[in-house]
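Quick notes on the structure that follows.
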Amino acid sequence: MTDLNTTWMGLSLRSPLVVAACPLSDDLPQLEKLVAAGAGAVVMRSLFEEQIAVEQMAVHRHIDSWVDTNAEARSFLPDRNLFPVGVEPYLAQLERLRSRLGVPVLASLNGVTPGGWTDLAAQLESAGAAAIELNLYDICTDPAMSGAEVEDWQVSTVCEVVGRVSVPVSVKLSPNYTSVPAFAARLAAAGVSGVVLFNRFYQPDVLLDSLDLDTRLHLSTSAELPSRLHALALLHGRVPLALAATGGIHTGRDAAKAILCGADVVQLASALLEGGPAALSSILAELLGWLNGNGYASVNEARGIMSLENAPDPTTWERLNYMRMLQGWQSRAGRR
Ligand SMILES: Cc1cc2nc3c(=O)[nH]c(=O)nc-3n(C[C@H](O)[C@H](O)[C@H](O)COP(=O)(O)O)c2cc1C
């Protein structure tokens, strides 16, 4: 039977399947079932930079009352009701999950600007976070700010978080960097232990009838996986970072693909929100079946064999393959 024990950023996990940051972290009974079904670790939903800043300001009573009376202040500070979990309840839930689940629990911070809010990382560590996942979900709207400036800004934020804790820090990235490998290497040099690839951008659609935006969240499908596979394959063995895949993992075969491309762990949100612990059991069984059936004694043995570094044909991951794909396309008529 294939050994699924996995080391991720120095954490020992009994399986590479991780519950991704999402509302499941509010539901201890469901998490207990997910752990019983084989989850190796849990990432809590995020605390947001904006939320932490509001709560930090609110401890100064005079600022709070000023905010209450000043329309302009209200317009730039987000409404507290936007955030389902406050900072104190979050810390309490982290302690509860850590003491009850028996697997590593990671806390998640979501923000991009250096500032006092990053102090919270130390509190998360004290409350028992096995690691901190920092989500750099950035939306760049300023045409005067270059990509290099945005990246410098993000690295400063990362350095603040890394400097406040002794537990590992992983950074959840968007796919939209000019060079994901170069940015990942910068993160490694800044003391980051891992990256999580990739954020999903919840792109709003335009509602033509109401001239409004449709901001409903749609869960992922396996169709989102290939962009993650590509990035994993480029990074595996080439940057000193643990690699987590997130986005589009719905089956054991999806998980196997991510591991073959270099993922240390795969994170699951949509599949578990839809299918609960039964989905996790079936993903684990299919992954195990595939690894066993193909003769792997351990998940470590399979990891990265399809990466750029190890692939039998590395050009699969490079520009040459893009050209091959374009040239190789045949219309349906041509295929007959
Ligand atoms: C309802 C919902 C809430 C989420 N909340 C967070 C969050 O608080 N922080 C975060 O980093 N990612 C969050 N995510 C993103 C997931 O962690 C995950 O990266 C993404 O959904 C892609 O994985 P999937 O294809 O398995 O869903 C959320 C996703 C969903 C569906």
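Order of listing sets the numbers, starting from 1, for every ligand and every atom in it. Heavy-atom basis, side chains included; hydrogens, waters and symmetry copies ignored.
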Between Glu32 and Arg100, does the salt bridge (Lys or Arg N to Asp or Glu O under 4.0 Å) criterion hold? Intermediate values first, please.
CA-CA 8 Å; Glu32 285 174 330; Arg100 295 281 292 279; 3.3 Å; yes
Return yes or no for this condition: an N or O of [X] is under 3.5 Å from an N or O of ligand 1.
X: Gly248; answer: yes
X: His250; answer: no
X: Arg200; answer: no
X: Asn199; answer: no
X: Glu133; answer: no

How far is [atom] from the closest protein heavy atom, and which atom is that?
atom: atom 14 (N) of ligand 1; result: Ala21 O, 3.1 Å
atom: atom 21 (O) of ligand 1; result: Tyr202 OH, 3.5 Å
atom: atom 9 (N) of ligand 1; result: Ser46 OG, 2.6 Å

Is it the case that the side chains of [Y] and [X] hold a donor-acceptor pair, with the cut-off being a distance below 3.5 Å and no angle test?
X: Glu125; Y: Ser166; value: yes
X: Asp254; Y: Ser222; value: yes
X: Gln51; Y: Tyr90; value: no
X: His218; Y: Ser270; value: no
X: Asn199; Y: Ser174; value: no

[X], portion touching ligand 1 at heavy-atom distance under 4.0 Å:
X: Glu224; value: neither
X: Val196; value: neither
X: Asn135; value: side chain

Going by the atom numbers of ligand 1, which of them fall below 4.0 Å from some non-hydrogen atom of Lys172?
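Atoms satisfying the 4.0 Å criterion: 10 (C), 11 (O), 12 (N), 15 (C), 16 (C), 17 (O), 18 (C), 19 (O).
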Residue pair Val239 / Val195, side-chain heavy-atom distance below 4.5 Å:
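SC-SC contact between Val239 and Val195 ruled out.
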